[in-house]
Structure formats: C-alpha cells, structure tokens
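Data first, discussion second: the structure below is written as structure tokens.
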Amino acid sequence: MKLKITGHTKVVGIYGDPVGHSVSPAMHNAAFEALGLGLVYVPFRVVAEPAGVLETAVAAIKALSMLGMNITIPHKERVIRCLDEVDEHAREVGAVNTVLNRNGVLVGCNTDGSGYMLSLREETGLTPKGKRVLVIGAGGAARAVLYSILASGSAEVFVANRTTDKAETLASEFGSRFKKAAIKAIELDREIINEHSANIDLLVNTTSLGMTGKGELDISLENLPERAVVSDIVYCPLETGLLKKARVRGLKTHNGLSMLVRQGAITFELWTGRKAPIEVMKKAALEALGGTFL
Ligand code: NAP
C-alpha cells in the first residue's frame, strides 16, 4: 500500500542536529506504508543554539497534535525538562529518545537500551551478564546502553569519554544504582584504553566518532582478547573504522544497524499499538544506507 497524505494524516518525526544522515524516516515510513497507517515520519533539524529552540520544537508536538517524536543528538538529555512526564526507565537512564503525545500529555521514554541488548544477543550471541565491558562515550546513547548492560548483570565496566567529568558522573550515578558491578571512569586516551583492554569481553563505541564526516576513534584493539566482541552503535557507515580494525584483527563485530531497527520497532509499537514489521523496517534502513553511504 502506498503512503498517502490526506487531511487525517498524523505526523511523527525526529528532532536532532544533524538529522540528514538519519535512516529513521525511511524505516518508519516503510512500516507505516506496509500496515496502511495514516502516519508520516519527518526529519526536523532542531539546533542546540540559541537557547529556546528545543523548547519551542517540543511545544510544537502538542500544538500540531503530532503523535510523537524521536529525539537524537544532541538533545536526548536536555529534552527531559521540556516534557510533562518521563517514564521510570528513561528517568533512571537520564535520557529520552522517544516522546509519546498522549492526548496532549508529552511522555518521554527510552528504547535505545532494549534495542541495543536485543540486537547484541541476536547478532553475536553475547549477553553481558558476568562480563567485563568497556564503554566509550558518555552521551545520551551511552547512558541507555550502559544502563542496560549494568541491568543485565555485567561484572565490571569501564567508561571512557573525551570529557572525563561526564564519564565520572555516569560511573558514580550508575555505581550507586547498580551496586554489584564495579564501574570506573577512565580517560579516553590510547594508552589508557590499551591498558584496560586485556580482559574485556565487549568493547562498545557510543560516541559519534566513526560516523561519516566525524573522524575516527583513535584507539588500538591489539590488547583485546580473542573472545572480545567489538560493537559500534554508529550505523552510518555500516562498517566504521573501529569495526574494520576489529574485523582485520579477527574479532567478532556488531554494527549499529540492528540496534537502530530494534529500537525503532519498540518505538513504532509504542506510537501505534501495532506489532512492528521488523523485516520491512530492516530492508528500508539497509536500502537507505546502501544508497548513500556504502
Ligand atoms: P550525544 O548525547 O551528543 O553524545 C555524543 C558522544 O560522542 C559524547 O560522549 C561525546 O563526548 C562524544 N564525542 C562527540 N564528538 C567527539 C569527538 N570529536 N571526540 C571524542 N568524543 C566525541 O549523542 P548520542 O545521542 O549519545 O549519539 C551518539 C552516537 O550514537 C551518534 O552517532 C548516533 O547516531 C548513534 N546512535 C545510534 C543508535 C542506533 O540505534 N544504532 C541509537 C542512538 C544513537 P563529550 O561528552 O566529550 O562531548
């Protein structure tokens, strides 16, 4: 069935900057078409400066009776204070990637962590329970990924970030929430990462480095054990410089596409109350990436 805009069409979309790289419009619009829903997904570039732009954009969700909104870089944490309610999981994570407009009440949720865990298990067979994990990044996506890794019972976690203060805040905040795991912030420095790599089961990049046009993460994977999985939540390109390095070293890799599809499917179900057509979404996302970035 073809997507038709009528007087009844409802809008959902994504707020972020940049948003031009996002394949979420292709993925969700394909799903709306497949199920014949009167919905359309639109990307909106919402800049971080000047102050007040995000607040105005969030108010527009209500004013224009949109069904909801995805939130991406750099707004996942800041958007919380613009919403009427935030569900328990997103509040604990400290970041929102999905907004639901429930009859004029804007509710924040977070589907990134669940999407990440589902995709990691499906693609690599790894579950972080009892494992040692190195998380690079301390932004909105890092919060969700780290929270889910800790909730699944990982034994020891290192968090490295360019702005070390943010890694320390995250380690101390989540350390008091998950008392059984040892969580430590470390510097995002080649030598220090190398020193902490020897016993790592999962290394995951949650920064935007590796994304087309953003530069690469400058770390060595030489010290990782052979069993280690290297995961990158960046999906554009599908194989980042980090994943290429891991593949060349013979390590198992996990790219950001299946997380994108899984988190998108959970969001789709929250917005529509319908079961997400996963295969349709994955095909559309792959086609969108293939056309532009492969
Ligand atoms: P964010 O909240 O803005 O956080 C960005 C992170 O990247 C921070 O840790 C930041 O470090 C780091 N960073 C940015 N530029 C850097 C640089 N030049 N050198 C070192 N570190 C740098 O963004 P986000 O929402 O967490 O998203 C991060 C990435 O994850 C994006 O590429 C996004 O597309 C991707 N993502 C993918 C999925 C998926 O489904 N596959 C889901 C969510 C996000 P500082 O704290 O020092 O600034």
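Indexing begins at 1, ligand by ligand and atom by atom, following the structure's order.
- An N or O contact shorter than 3.5 Å links T163 to ligand 1 by distance.
- Each of V159, I219, I186 was checked for a side chain to side chain contact (heavy atoms under 4.5 Å, CB included) with I136, and the lone residue meeting it is I219.
- Between the N101 side chain and the M66 main chain, a donor and an acceptor come within less than 3.5 Å of each other.
- When only non-hydrogen protein atoms are considered, atom 24 (P) of ligand 1 lies nearest to A141 N, 3.8 Å.
- The residue among L260, I233, D165 with a heavy atom at the shortest distance from atom 38 (C) of ligand 1 is I233.
- At the shortest separation from atom 18 (N) of ligand 1 among protein heavy atoms lies R162 NH1, 3.2 Å.
- Of all protein heavy atoms, the one lying nearest to atom 5 (C) of ligand 1 is S208 OG, 4.2 Å.
- Listed by number with element, the atoms of ligand 1 under 4.0 angstrom from any heavy atom of V234 are 32 (O).
- Looking only at heavy atoms of the protein, atom 2 (O) of ligand 1 is closest to G140 N, 2.9 Å.
- Nearest approach of I278 to A265, heavy atoms of both residues: CD1-CB, 3.4 Å.
- Close approach of ligand 1 to K76 is summarised as follows: ligand atoms under 4.0 Å from at least one heavy atom of the residue are 25 (O), 43 (C), 44 (C).
- Under the 30°/60° scheme for interplanar angles, the aromatic rings of F174 and Y147 are found to stand perpendicular.
- Taking only non-hydrogen atoms, the option from G256, G139, C236 nearest to atom 4 (O) of ligand 1 is G139.
- The shortest N or O to N or O distance between L188 and ligand 1 is not below 3.5 Å.
- In summary, the side chains of D232 and T240 do present a donor paired with an acceptor at a separation below 3.5 Å, with no hydrogens or angles considered.
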Applying salt bridge (charged side-chain N to carboxylate O under 4.0 Å, His left out), run through R78 and E55 and close with a yes or a no. CA-CA 10 Å; R78 242 186 68 198; E55 287 73 5; 3.7 Å; yes

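- Using a 4.0 Å cut-off to heavy atoms of Q263, the atoms of ligand 1 that qualify are 40 (O).
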For residues 251-261, which side-chain donor-acceptor pairs fall under 3.5 Å, sequence neighbours excluded?
from : atom 1 : to   : atom 2 : distance (Å)
K252 : NZ     : T124 : O      : 3.1
H254 : ND1    : S231 : OG     : 2.9
H254 : NE2    : S119 : OG     : 3.1
N255 : OD1    : L257 : N      : 3.0

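- With a heavy-atom cut-off of 4.0 Å, L209 touches ligand 1 through its side chain alone.
- Counting all heavy atoms, side chain and backbone alike, P128 lies closest to I149 at CB-CG2, 4.1 Å.
- Atoms of ligand 1 found under 4.0 Å from any heavy atom of M211, numbered from 1 in the order shown, are 32 (O).
- Between the side chains of T111 and N97, at least one donor N or O lies within less than 3.5 Å of an accepting N or O.
- Contact atoms of ligand 1 toward G137: 9 (O) (distance under 4.0 Å to a heavy atom of the residue).
- Assignment of A138 to the shell around ligand 1 is supported, since a heavy atom sits closer than 4.0 Å.
- Compare I136, N70, N110, N161 by their heavy atoms: the one nearest to atom 8 (C) of ligand 1 is in N161.
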V53/E49 under side-chain contact (heavy atoms from CB on, under 4.5 Å): CA gap, chis, key distance, verdict: CA-CA 7 Å; V53 173; E49 303 285 344; over 6 Å; no

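- In terms of polar-atom proximity, defined here as any N/O pair under 3.5 Å, K166 does make such a contact with ligand 1.
- Contact atoms of ligand 1 toward D112: 42 (C), 43 (C) (distance under 4.0 Å to a heavy atom of the residue).
- Taking atom 28 (C) of ligand 1 as the reference point, the nearest protein heavy-atom neighbour is T206 O, 3.3 Å.
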Stepwise side chain to side chain donor-acceptor pair (under 3.5 Å) test for T207 and N205: CA-CA 6 Å; T207 74; N205 173 45; 2.8 Å; yes

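- When T111, I73, V159, L217 are ranked by how near their heavy atoms come to atom 1 (P) of ligand 1, first place goes to I73.
- Among protein heavy atoms, the minimum distance from atom 34 (O) of ligand 1 is reached at H21 NE2, 4.0 Å.
- Applying the 4.0 Å criterion to heavy atoms of T207 picks out, from ligand 1, the atoms 6 (C), 7 (O), 12 (C), 29 (C).
- Taking every heavy atom of Y235 and a limit of under 4.0 angstrom, the matching atoms of ligand 1 come to 41 (N).
- When every heavy atom of L83 is checked against every heavy atom of V86, the shortest pair comes out as CD1-CG2, 4.3 Å.
- Using a 4.5 Å heavy-atom threshold, the side chains of H28 and N70 count as touching.
- Salt bridge present: E122 and R262 bring a charged side-chain N and a carboxylate O closer than 4.0 Å.
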